[in-house]
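Structure first, then comments.
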Amino acid sequence: MNELTDLSYALDTFYFLICGVLVMWMAAGFSMLEAGLVRSKNTAEILTKNIALFAIACTMYLLVGYYIMYSSSAGGFLPNLGFLIGAENSVDAVTAGGDDAPYYSMRSDFFFQVVFVATAMSIVSGAVAERMKLWAFLAFAVVMTAFIYPVSGYWTWGGGWLSEVGYSDYAGSGIVHLAGAAAALAGVIVLGPRKGKYGKDGSIHAIPGANMPLATLGTFILWMGWFGFNGGSELKLAAVDSANNVAQVFVNTNAAAAGGVIAALILAKLWFRKADLTMALNGALAGLVAITADPLSPTALGATIIGAVGGIIVVAAIVTLDKLKLDDPVGAISVHGVVGIWGVLAVPLTNDGASFGAQVIGIAGIFGWVFLASLVVWLILKAIMGIRVSEEEEYEGVDIAECGLEAYPEFGIKK
């Protein structure tokens, strides 16, 4: 390489790594958001889940997942499992710019991808909160991050059959967010709702979270981390066109989140007669999920509208899932799943290179695979070790039952 190429390589590698760090910071956002939206008696357990799932995701993707996602033939359906029988690991041969002209370090590519798989797994955590056994959840995390997510990831970003049919998903509204929501939905169905959430007469009883300041902090952290999530998906920076694209992606990401907040807040006021903070927070996340499938093609105003539609959809989806008795304490399935579908379908509205047909095929392929595979795993775990805590443990809180400590011990009643 010449000096200019060396500098470009260094800048692109550094940019990629910093974006990966921002996405890693989203793990803190998910932790704070979920800790704020569950009851205080379940806070320590959900924080334990979040740090443990991140560690499991990093380890399993290193050992298995990355190879499955990026070492198979283009256009294929079945991933390469050669490492299981001792075949030579070809991960080190994967470069973004081709063998002749790589434009960033392959290690930075792995780092960026590994924090994405952790994000997908984090989505599951909040949806099954307050009644799932910790070790059953962590066992599922092993399978999800080692195999389930990497397979559909291979179909799309790894050059598999969905990529070949023309499925377009810039930063992962479907590949990451819909996949996480599909796994969460399967878990919620097998697990069942929290005790007291739904009455026998069909009534729905709200179960407020313990800490709205934490939930709000978590949302802002996620909003910040999303600049790395979407911005890093441009893959490079050290060229005029790439730098302009990154700037556009940042502006559109921010605009969509803002649109989501405003739309969700207005709809909540009109529908519930109150400015519901939780709906505003989910509106921000919905806007971010909606624009993730293509934060580059729309204008800033177009991104705002896409995010606003996401904010409207998420409020309606949260209410609808409650009516269907699908208990999701943090609204993860609505935010990442329902709005993730909207984000994928919105791509052809501003991107001439995408088609609605390919997008629908992508949605069906990703959701179908992840949901069915996850459902099988959840049912196996239920049969082998059980996935739900006892009624007594749920009543007392899973902090003591699973972790042996409380997040807020000074607020407890001393005997």
Side-chain angles (χ1 to χ4, degrees), residues 12 15-16 18-23 25-26 29 96 112-113 115-116 119-120 123 156-157 163 166-180 219-237 239-263 283-311 313-314 335-356 358-359 362-363 366:
D12 287 334
Y15 173 69
F16 215 13
I18 292 301
C19 285
V21 170
L22 283 172
V23 179
W25 183 230
M26 291 173 70
F112 190 66
Q113 295 298 334
V115 289
F116 266 56
T119 298
I123 295 166
T156 50
W157 286 334
S163 175
Y167 175 71
S168 178
D169 195 351
Y170 185 97
S173 288
I175 297 168
V176 179
H177 295 281
L178 177 58
T219 301
F220 273 117
I221 291 173
L222 287 167
W223 192 330
M224 175 183 174
W226 229 287
F227 294 119
F229 199 95
N230 287 353
S233 295
E234 175 63 19
L235 305 182
K236 58 182 300 188
L237 178 70
V240 173
D241 289 345
S242 296
N244 287 337
N245 287 349
V246 167
Q248 179 77 357
V249 167
F250 271 56
V251 169
N252 284 352
T253 298
N254 193 60
V261 172
I262 294 168
L285 299 178
L288 290 163
V289 170
I291 201 62
T292 293
D294 189 355
L296 178 59
S297 299
T299 63
L301 179 58
T304 305
I305 294 170
I306 290 171
V309 173
I313 290 173
V314 79
V335 169
H336 302 276
V338 180
V339 179
I341 291 172
W342 155 242
V344 172
L345 292 176
V347 173
L349 299 177
T350 57
N351 186 341
D352 294 338
S355 71
F356 285 107
Q359 298 303 90
I363 290 168
I366 293 168

Checklist entry - Between CG of L235 and CG of D12, what distance do you get to the nearest 0.5 Å? => result 9.5 Å
Check residues 341-349 and write down every donor-acceptor pair under 3.5 Å in which the side-chain atom is one partner and the other belongs to a residue at least two apart or another chain.
from	atom 1	to	atom 2	distance (Å)
W342	NE1	I306	O	3.1

Checklist entry - Rounded to the nearest 0.5 Å, how far apart are CG of N245 and OG of S233? => result 12.5 Å
Checklist entry - Do the non-hydrogen side-chain atoms of S163 and T156 ever get within less than 4.5 Å of each other? => result no
Checklist entry - Where do G228 and V23 come nearest, in terms of heavy atoms and distance? => result C-CG2, 3.6 Å
Checklist entry - Are F229 and H177 an aromatic pair by the rule of ring centers under 6.0 Å? => result yes
Item to check | All pairs passing side-chain hydrogen bond (donor to acceptor under 3.5 Å, both in side chains) where residues 285-300 contributes a residue, at least two apart | outcome: W226-T292, N230-T292, D294-S297, D294-N351
Item to check | Distance-only side-chain donor-acceptor flag, N254 / W223, under 3.5 Å | outcome: yes
Checklist entry - Between the side chain of N252 and the main-chain N/O of A303, is any donor-acceptor distance below 3.5 Å? => result no
Checklist entry - Hey, what do you get for CD1 (I221) to CG (L22), rounding to the nearest 0.5 Å? => result 12.0 Å
Checklist entry - Considering all heavy atoms of both residues, which atom of A290 and which atom of S173 are nearest to each other, and what is their separation? => result O-OG, 4.0 Å
Next on the checklist: If I take atom CG from residue L222 and atom CH2 from residue W25, how far apart are they, to the nearest 0.5 angstrom?
Outcome noted: 10.5 Å
Checklist entry - Which atom pair, heavy atoms only, marks the closest approach of I123 to G180? => result CG2-C, 3.7 Å
Next on the checklist: Do E234 and Y170 pair up side chain to side chain, a donor and an acceptor below 3.5 Å, judged on atom types alone?
Outcome noted: yes
Next on the checklist: Checking V338 now: which residues fulfil side-chain contact (heavy atoms from CB on, under 4.5 Å) with it, not counting sequence neighbours?
Outcome noted: I313, A317
Item to check | Residues W157, Q113; criterion side-chain contact (heavy atoms from CB on, under 4.5 Å); working and verdict | outcome: CA-CA 10 Å; W157 286 334; Q113 295 298 334; 4.2 Å; yes
Next on the checklist: How long is the straight-line distance from OH of Y167 back to CD of Q359, given to the nearest 0.5 Å?
Outcome noted: 6.0 Å
Item to check | Evaluation steps, side-chain contact (heavy atoms from CB on, under 4.5 Å), between T219 and L285 | outcome: CA-CA 7 Å; T219 301; L285 299 178; 4.3 Å; yes
Checklist outcome for this item: Closest heavy-atom pair, G310 versus A286, reported as atoms and distance to 0.1 Å, is O-CB, 3.4 Å
Checklist outcome for this item: Separation between CG (L178) and CD1 (I366), nearest 0.5 Å, reads 6.0 Å
Checklist entry - What pair of heavy atoms forms the shortest contact from D169 to I175, and how long is it? => result OD2-N, 3.0 Å
Checklist entry - Going by heavy atoms in the side chains, are P295 and V249 under 4.5 Å from each other? => result yes
Next on the checklist: Quick check: closest heavy atoms across F112 and G232, and the distance to 0.1 Å?
Outcome noted: CZ-C, 3.5 Å
